Amino acid sequence: MKKIQFNSVILLLIFSVACGSKNQPPMHGPQAVPVSVEKVSAKYAPYYEEYPGVVKALQEVELRPQISGYVTGIHFTEGDKVKKGQKLYSIDQQQTEAGYKQALANLSVQEANLEKARQDVERYRELDKQDAIAKQQVDYAEANYKSALKQVEASKAMVQSAQTNLRYSTIVAPFDGTIGISAVRLGASVSPGQTLLNTISSDDPIGTDITVDQQEIFRFYQLLEKKDASESDSTFLLTFGDLTYPHPGKISFIDRAVDPLTGSIKIRMVFPNPDHVLRAGMSGSLRVLSNTSNKSITIPYKSITEQLGEFYVYVADADKVTQRQVKLGKQVGSDIIIKSGLKEGETIAVEGVQNLREGSSISVSSPVANNKK
């Protein structure tokens with residue numbers, strides 16, 4: 001009886017395993033990853049490269065007195081535009097004017113002495129012809145006459161010096177520009193060459209200095225030789241945060257030598273400043289338009305994956321993908337320029353790349369339309 005029950009249990013187990021195996025799904029390989037793909041193409045992809053820049057005045061000079069004295073007049077409004085030759089400061093003229101008058105008086109005395117010496121030497125020369133005077137007296141007269149000539153020349157030089165000092169008592173603008181805040185007030189004592197009175201600088205046009213790596217010198221020389229740039233040329237733009245200065249600029253000059261410590265060189269840009277908005281010392285960014293004449297391999301940035309600082313894309317071949325390393329260039333909007341690693345006409349996975357591995361099977365859902373030109 002027990003043997004019959006045992007056999008029945010075995011039959012039931014065999015029957016249940018058989019039934020269960022019929023209900024299990026058949027075994028399959030790895031499931032295909034759904035992705036969208038795009039064909040790689042080359043197109044024009046201009047972009048702007050940015051360089052830190054500092055606004056510089058093309059002309060700037062510190063006003064310092066050439067004579068000592070007290071400030072007796074300030075003839076401008078701080079921050080105003082001034083014209084070349086405009087009177088700016090007056091320094092007490094009493095001392096310089098007295099020195100000038102003294103120099104004139106001394107010149108008159110020396111000219112009178114010269115006239116006396118001239119008359120003496122002429123008279124002695126006539127007497128010498130008649131052998132009516134000692135030769136020594138004639139020699140003295142000749143020497144006195146020459147000395148008087150030199151004294152007059154020295155007196156004239158003193159007059160010029162005194163006249164210059166008198167002129168230095170009035171300080172004028174050396175060029176058209178903007179005057180700053182005065183460093184002295186009325187009654188202040190000033191010393192020649194030491195006391196800073198003010199600073200004046202030109203502001204239209206105005207410069208901007210940038211520093212670039214020596215490897216970029218050749219490219220900037222090509223831009224410098226671009227003589228046919230029009231007023232609307234947007235190769236060089238100046239930005240301050242989110243604001244863009246409306247007037248484009250141009251290259252003025254490239255510095256004479258590379259800094260051996262940094263391997264960089266300074267470049268001066270020039271911008272029109274008709275509204276006097278730009279001020280010397282402002283810091284901004286210079287945007288330089290690049291890659292305008294050559295086509296570049298450009299793909300969506302979202303197709304890029306990164307592993308340990310290296311960048312890869314998945315190249316589709318039939319129903320599988322291969323991981324390939326690429327070298328990235330400049331990002332242009334939602335796309336990025338590929339410097340190396342891809343060729344035009346190849347197909348890459350764009351969406352769903354986070355689920356891919358080397359050799360993964362794929363199923364293409366819907367190709368990404370590439371209508372960019």
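By convention here, the first residue in the shown sequence is residue 1. From a predicted model like this one, the values you see are computed outputs, not experimental measurements.
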For Met282, does the CE atom have more than 12 heavy-atom neighbours from other residues, nucleotides or ligands under 6.0 Å away?
yes

Determine whether Ile337 and Leu328 make a side-chain contact, defined as any pair of heavy atoms from C-beta on separated by less than 4.5 Å.
no

Do Phe220 and Leu224 come close enough that some side-chain heavy atom pair is under 4.5 Å?
no

Can you see which heavy atom on Ile265 is nearest to which on Asp255, and at what distance?
CD1-O, 3.3 Å

Distance-only polar pair, side chains of Tyr89 and Thr72, donor-acceptor under 3.5 Å:
no

Flag side-chain contact, heavy atom, 4.5 Å: Ser161 against Asn165
yes

Does a side-chain N-to-carboxylate-O contact under 4.0 Å join Lys146 and Glu142?
no

If we only count heavy atoms from C-beta on, is the Thr244 to Leu238 side-chain gap below 4.5 Å?
no

Would one find more than 12 heavy atoms of other residues, nucleotides or ligands at under 6.0 Å from atom CD of Gln94?
no

In terms of heavy-atom contacts, does CZ of Phe76 have more than 12 from other residues, nucleotides or ligands at under 6.0 Å?
yes

Using a 4.5 Å cut-off on heavy atoms from C-beta on, say whether the side chain of Val321 contacts that of Val315.
no

Interatomic distance, Ile304 atom CD1 to Glu306 atom CD [nearest 0.5 angstrom]
10.0 Å

Ser191 to Thr195 - nearest heavy-atom pair and separation:
N-OG1, 3.0 Å

Closest non-hydrogen atom pair, Tyr245 against Pro274:
OH-CD, 4.1 Å

Side-chain contact test, heavy atoms from C-beta onward, threshold under 4.5 Å: evaluate it for Pro248 versus Phe236 and give yes or no.
no

State, with a plain yes or no, whether a side-chain heavy atom of Gln163 is found less than 4.5 Å away from one of Leu166.
no

Using a 4.5 Å cut-off on heavy atoms from C-beta on, say whether the side chain of Gln214 contacts that of Asp259.
no

Hey, could you give me the CD1/CD1 distance between Ile67 and Ile91, rounded to the nearest 0.5 Å?
5.0 Å

What's the shortest heavy-atom distance between Glu62 and Leu196, and which atoms?
CB-CD1, 3.6 Å

Enclosure of Lys266 NZ (heavy-atom neighbours >12, cutoff 6.0 Å):
no

Would you say the side-chain atoms of His276 and Thr178 include a donor-acceptor pair closer than 3.5 Å?
no

Roughly how far, to the nearest 0.5 Å, is the CD atom of Glu115 from the CD atom of Glu111?
10.0 Å

